[in-house]
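One structure is given below, encoded as structure tokens.
Note that this is a predicted model, so its numbers are computed, not measured. Reckoned from all heavy atoms, side chains included, excluding hydrogens, waters and symmetry mates.
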Amino acid sequence: MAAGIAYGDVEVGTELPARTFPVTRATLVQYAGASGDFNPIHWNEKFAREVGLPDVIAHGMFTMAEAIRVVTDWVGDPGAVVEYGVRFTKPVVVPNDETGASVEVSAKVAALLDDNRVRVDLLAMSDGKKVLGMSRAVVQLA
């Protein structure tokens, strides 16, 4: 695959389509199985509370992966992401109910770089709180 967005078609401030990602306890169990991360803070409410958390929380890497989907969906090729980094600022608290939590992600082109690359800044929020800080990706465009 190749990036479906041409460098000449974007400018600083170009907004990517925002997305909301649902997160339930079932999602966390599936992610734990796929990642091998069975830390009880991600599935055991009693344990999570005993270590000072408000409830079970989503895996940080899961949250990070969901957020970058806004960029990969926009560009059309996951391989076009050449750099990606975040700071974990707040946990995504996932209640034990039918609704769970959600992660709302928006993004925009923050800088035009050399070699048809752009820097995209992402904003990831859950329950009104910023859950990823300094969330940035460098993307190779066509």
Side-chain angles (χ1 to χ4, degrees), residues 1-7 9-113 115-142:
M1 291 177 69
I5 305 291
Y7 183 80
D9 291 341
V10 299
E11 57 189 36
V12 171
T14 297
E15 293 186 14
L16 285 61
R19 296 226 11 224
T20 298
F21 301 99
V23 186
T24 64
R25 295 281 178 97
T27 309
L28 300 182
V29 170
Q30 292 168 337
Y31 183 81
S35 69
D37 181 352
F38 295 100
N39 187 323
I41 64 173
H42 303 303
W43 57 270
N44 184 316
E45 188 173 321
K46 180 179 180 290
F47 183 86
R49 290 183 189 278
E50 285 175 355
V51 298
L53 295 168
D55 205 334
V56 165
I57 64 170
H59 303 72
M61 296 302 287
F62 171 80
T63 305
M64 186 178 177
E66 290 290 82
I68 197 65
R69 288 176 57 190
V70 167
V71 176
T72 59
D73 288 353
W74 172 70
V75 76
D77 178 8
V81 177
V82 295
E83 291 179 32
Y84 178 45
V86 306
R87 289 189 181 160
F88 301 106
T89 56
K90 298 279 185 199
V92 175
V93 178
V94 183
N96 191 18
D97 59 19
E98 298 79 32
T99 306
S102 62
V103 178
E104 301 89 25
V105 182
S106 59
K108 66 180 176 181
V109 174
L112 302 176
L113 308 173
D115 300 322
N116 288 3
R117 293 179 176 194
V118 296
R119 190 186 88 218
V120 176
D121 290 355
L122 297 94
L123 175 63
M125 305 282 291
S126 183
D127 196 29
K129 299 176 183 102
K130 188 174 178 180
V131 295
L132 298 176
M134 298 295 291
S135 185
R136 296 179 172 171
V138 174
V139 182
Q140 180 71 57
L141 300 181

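Put simply, CD1 on Ile68 and OG1 on Thr63 are 13.5 Å apart, with the number rounded to the nearest 0.5 Å. Rounding to the nearest 0.5 Å gives a distance of 6.5 Å between CZ of Phe47 and CG of Asn39. If you take CD on Glu83 and CG on Leu113, they are separated by 8.5 Å, rounding to the nearest 0.5 Å. From Glu15, atom CD reaches atom NZ of Lys108 across 7.0 Å, with rounding to the nearest 0.5 Å.
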ask   = What do the steps show when you test Trp74 against Val109 for side chain to side chain contact (heavy atoms under 4.5 Å, CB included), and what is the final call?
value = CA-CA 11 Å; Trp74 172 70; Val109 174; 4.1 Å; yes
request  = Decide side chain to side chain contact (heavy atoms under 4.5 Å, CB included) for Val118 and Val138; before the verdict, give the C-alpha distance in whole Å, the side-chain angles of both, and the deciding distance to 0.1 Å.
outcome  = CA-CA 6 Å; Val118 296; Val138 174; over 6 Å; no
message = I'd like to know whether Tyr84 forms a side chain to side chain contact (heavy atoms under 4.5 Å, CB included) with Ser135, so could you lay out the CA-CA distance, the side-chain angles of the two residues, the decisive distance to 0.1 Å, and finally the verdict.
response = CA-CA 8 Å; Tyr84 178 45; Ser135 185; 3.9 Å; yes
key: Glu104 vs Ser102, side-chain hydrogen bond (donor to acceptor under 3.5 Å, both in side chains): CA-CA, chis, key distance, verdict   = CA-CA 6 Å; Glu104 301 89 25; Ser102 62; 2.7 Å; yes
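Put simply, the side chain of Met125 does not reach to within 4.5 Å of the side chain of Val103, judged on heavy atoms. Side-chain contact check for Val71 versus Val81: some heavy-atom pair is nearer than 4.5 Å. For the pair Val56 and Val93, the minimum side-chain heavy-atom distance is 4.5 Å or more. Using a 4.5 Å cut-off on side-chain heavy atoms (C-beta onward), Val94 and Ile57 make no contact. The closest side-chain heavy-atom distance from Asn116 to Gln140 is below 4.5 Å. Using a 4.5 Å heavy-atom cutoff, the side chains of Phe88 and Val131 are not in contact. The side-chain heavy atoms of Gln30 and Phe62, taken from C-beta on, include no pair separated by under 4.5 Å. Counting only heavy atoms from C-beta outward, the side chains of Val139 and Leu141 approach each other to under 4.5 Å.
Distance alone, capped at 3.5 Å, is enough to place a donor-acceptor pair between the Thr89 side chain and the Lys130 backbone. Side chain of Tyr7 to main chain of Asp115: no donor-acceptor pair is present (N/O by atom type, distance under 3.5 Å, no hydrogens or angles).
The two residues Ala48 and Ile41 have their closest heavy-atom pair at CB-O, 4.1 Å. Among all heavy-atom pairs drawn from Thr27 and Pro22, the shortest one is OG1-O, 4.4 Å. A pairwise comparison of heavy atoms in Glu11 and Thr14 identifies O-OG1, 2.8 Å as the closest pair. Closest of all the heavy-atom pairs between Val92 and Ser126 is CG1-OG, 3.7 Å. The minimum heavy-atom distance linking Val105 with Leu122 is given by the pair CG1-CD2, 4.1 Å. When all heavy atoms of Ala101 and Pro95 are compared, the closest pair comes out as N-CD, 4.2 Å.
Residues Arg19 and Asp73 are paired through a salt bridge, judged by an N-O separation under 4.0 Å between the basic side chain and the carboxylate.
Taking His59 as the reference, Tyr31, His42 meet the ring-ring contact (aromatic ring centres under 6.0 Å, His included) condition, with sequence neighbours excluded.
Within the structure, salt bridge (Lys or Arg N to Asp or Glu O under 4.0 Å) pairs that include any residue of residues 35-50 comprise Arg25-Glu45, Glu45-Arg49, Lys46-Glu50, Arg49-Asp55 (at least two apart or interchain).
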